[in-house]
2 protein chains.
Amino acid sequence: MPTPERTSRDAIVDAGRDLLETQGLEGLRGLTMQAVADRVGVRAPSLYKRVRNRRELVALIADATVRELGARLDAAAAGEPDPRRALAALARAARSFARERPVAFGLVFTPGADLDLDPESLARASAAVIRIAAELAGDDHALDAARTVTAWLNGFVGMELSGAFRLGGDVDRAFEFGIASLTGALTLRRREESGAPLAISVSEH
Amino acid sequence: MPTPERTSRDAIVDAGRDLLETQGLEGLRGLTMQAVADRVGVRAPSLYKRVRNRRELVALIADATVRELGARLDAAAAGEPDPRRALAALARAARSFARERPVAFGLVFTPGADLDLDPESLARASAAVIRIAAELAGDDHALDAARTVTAWLNGFVGMELSGAFRLGGDVDRAFEFGIASLTGALTLRRREESGAPLAISVSEH
DNA sequence: ACCTGAACACCGTTCAAGT
DNA sequence: ACCTGAACACCGTTCAAGT
């Protein structure tokens with residue numbers, strides 16, 4: 001006689017996302033299988049019917065986060081036809097998202113995390129940056145430009161979440177300074193290309 | 001009758017650094033108190049005479065890593081009088097260090113890690129970037145410029161360690177592209193200031 | 001004064017037994 | 001077919017007892 005399903009994979013992931021954000025990944029409260037089970041109303045062993053193990057649960061939470069981030073970035077960039085304004089809007093949207101879900105954002109961008117995220121989710125999350133980078137820097141430099149922007153953006157937001165900006169000053173202003181600097185640098189790349197070279201390239205080794 | 005000391009705080013931290021790099025922070029092998037104790041030749045409870053708890057041990061490992069990074073950055077930048085070349089050398093040194101100690105580097109730059117690193121170690125590690133940023137962008141923009149460079153550099157290296165550059169292309173080239181772009185952008189800031197404005201600033205908001 | 005075995009609480013995970 | 005209590009291995013940490 002089959003017993004009825006008392007929870008679902010989605011409910012488990014949602015509970016996990018919530019717990020991650022409120023209790024952290026590891027701490028003494030932390031994202032434990034026990035805590036997730038309590039939230040969804042089953043005993044811990046039942047979770048293993050829906051999820052291979054805790055590692056997979058964490059990966060699913062990370063994937064959901066990447067998808068949501070991608071949707072936000074798309075929406076922010078779509079509203080701005082001018083690529084410079086679109087880049088600024090996208091960057092601000094990423095920063096807002098990170099402030100809403102600091103722990104999940106941190107998880108996704110943790111260097112050694114070794115979640116293997118769904119390539120499709122990742123592609124979706126980076127599509128807008130790549131498109132804008134191509135518009136700003138030209139097709140030849142699109143990938144390099146996108147990597148420069150993404151690195152700066154992830155780095156800035158990650159440092160802000162870590163409290164790494166300890167020297168005072170206005171962090172909002174530093175963020176806008178970064179946007180303006182990158183926009184300027186990438187735009188110049190395009191100008192260089194179109195025949196008006198400026199002596200800005202640093203000698204490489 | 002006092003028993004002789006069979007280990008030291010330094011030996012514990014060194015063993016911890018080694019284990020962290022070879023076994024990872026958490027995994028099944030992982031940085032466990034048991035594994036550290038085995039390495040230094042005592043039983044796990046004895047570690048608590050030298051270190052408050054595992055959390056403190058991890059923080060000490062992170063601090064040692066930051067100090068070593070700082071020394072490397074200083075050395076790399078000191079060899080180059082031209083600030084543009086100095087910035088490039090510093091960036092490459094940071095990337096090399098991250099490749100030598102990927103796990104420790106990742107730990108230090110993990111967004112939610114909540115190690116509270118020694119402010120002195122951090123100041124030492126960021127001094128060279130700030131000095132170079134001031135030379136490139138002028139004193140008024142030094143802090144913003146340093147934050148832009150540091151964010152890009154940490155972001156790039158972190159993404160590289162995560163395997164986040166999945167779209168092919170030449171990652172080395174993207175790194176050099178980033179160095180050149182940032183150097184150009186910050187240098188332009190200075191030119192703008194000195195009375196030769198270029199229409200590169202993005203409209204803010 | 002430092003070291004240790006024993007013990008505790010906690011956690012991820014498995015599994016046989018229930019329905 | 002899903003759920004559960006019981007159990008296992010493992011981990012961080014404490015502590016009384018040894019030297």
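Please read all numbers here as calculations on a predicted model, not as lab measurements.
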Between [N] ([atom2]) and [X] ([atom1]): distance, integer Å:
X	N	atom1	atom2	value
B:Gln23	D:dC11	CD	C1'	16 Å
B:Gln34	C:dC10	CD	P	21 Å
A:Arg54	C:dT14	CZ	P	15 Å
A:Asp38	C:dC11	CG	C1'	13 Å
A:Lys49	C:dT13	NZ	P	15 Å
B:Leu47	C:dC2	CG	P	14 Å
B:Leu57	D:dT13	CG	C1'	14 Å
B:Asn53	D:dC11	CG	P	17 Å

- prompt: Which part of the nucleic acid does A:Arg52 contact within heavy-atom distance under 4.0 Å: base, sugar-phosphate only, or nothing?
  reply: nothing
query: Counting any heavy atom closer than 4.0 Å, what does B:Thr32 reach on the DNA or RNA strands: base, sugar-phosphate only, or nothing?
result: sugar-phosphate
- prompt: Reckon A:Ser46 has a side-chain N or O less than 4.0 Å from the OP1 or OP2 of D:dT4?
  reply: yes
Give the nucleotide from the list [options] with an atom nearest to the side chain of [X].
X	options	result
B:Tyr48	D:dT14, C:dC3, C:dT14	D:dT14
B:Pro45	D:dG12, C:dT4, C:dC2	C:dT4
A:Arg6	C:dC11, D:dT4, D:dG12	D:dT4
A:Arg43	D:dG12, D:dG5, C:dG5	D:dG5
A:Arg50	C:dC2, D:dC3, D:dT14	D:dC3
A:Met33	D:dC3, D:dG12, C:dG12	C:dG12

- request: Classify the side chain of A:Thr3 and the base of D:dC3 as holding, or not holding, a donor-acceptor pair under 3.5 Å.
  value: no
message: Counting only Watson-Crick pairs (N1-N3 plus N6-O4 or O6-N4) and G-U wobbles (N1-O2, O6-N3), all under 3.5 Å, who is the partner of D:dC15?
response: C:dG5
query: Does any nucleotide pair with C:dC10 by Watson-Crick or G-U wobble geometry, both distances under 3.5 Å, and what is it?
result: none
Does some side-chain heavy atom of [Y] sit less than 4.5 Å from a side-chain heavy atom of [X]?
X	Y	answer
B:Leu115	B:Thr110	no
B:Leu69	B:Phe105	yes
B:Arg147	A:Arg173	no

message: So that I can tick it off, tell me whether A:Asp14 and A:Arg39 are bridged by a salt bridge, with the cut-off set at under 4.0 angstrom between side-chain N and carboxylate O.
response: no
- prompt: With a distance cut-off below 6.0 Å to the six-membered ring centre and an angular limit of 45° from the axis, does A:Arg95 pair with A:Phe175 as a cation-pi contact?
  reply: yes
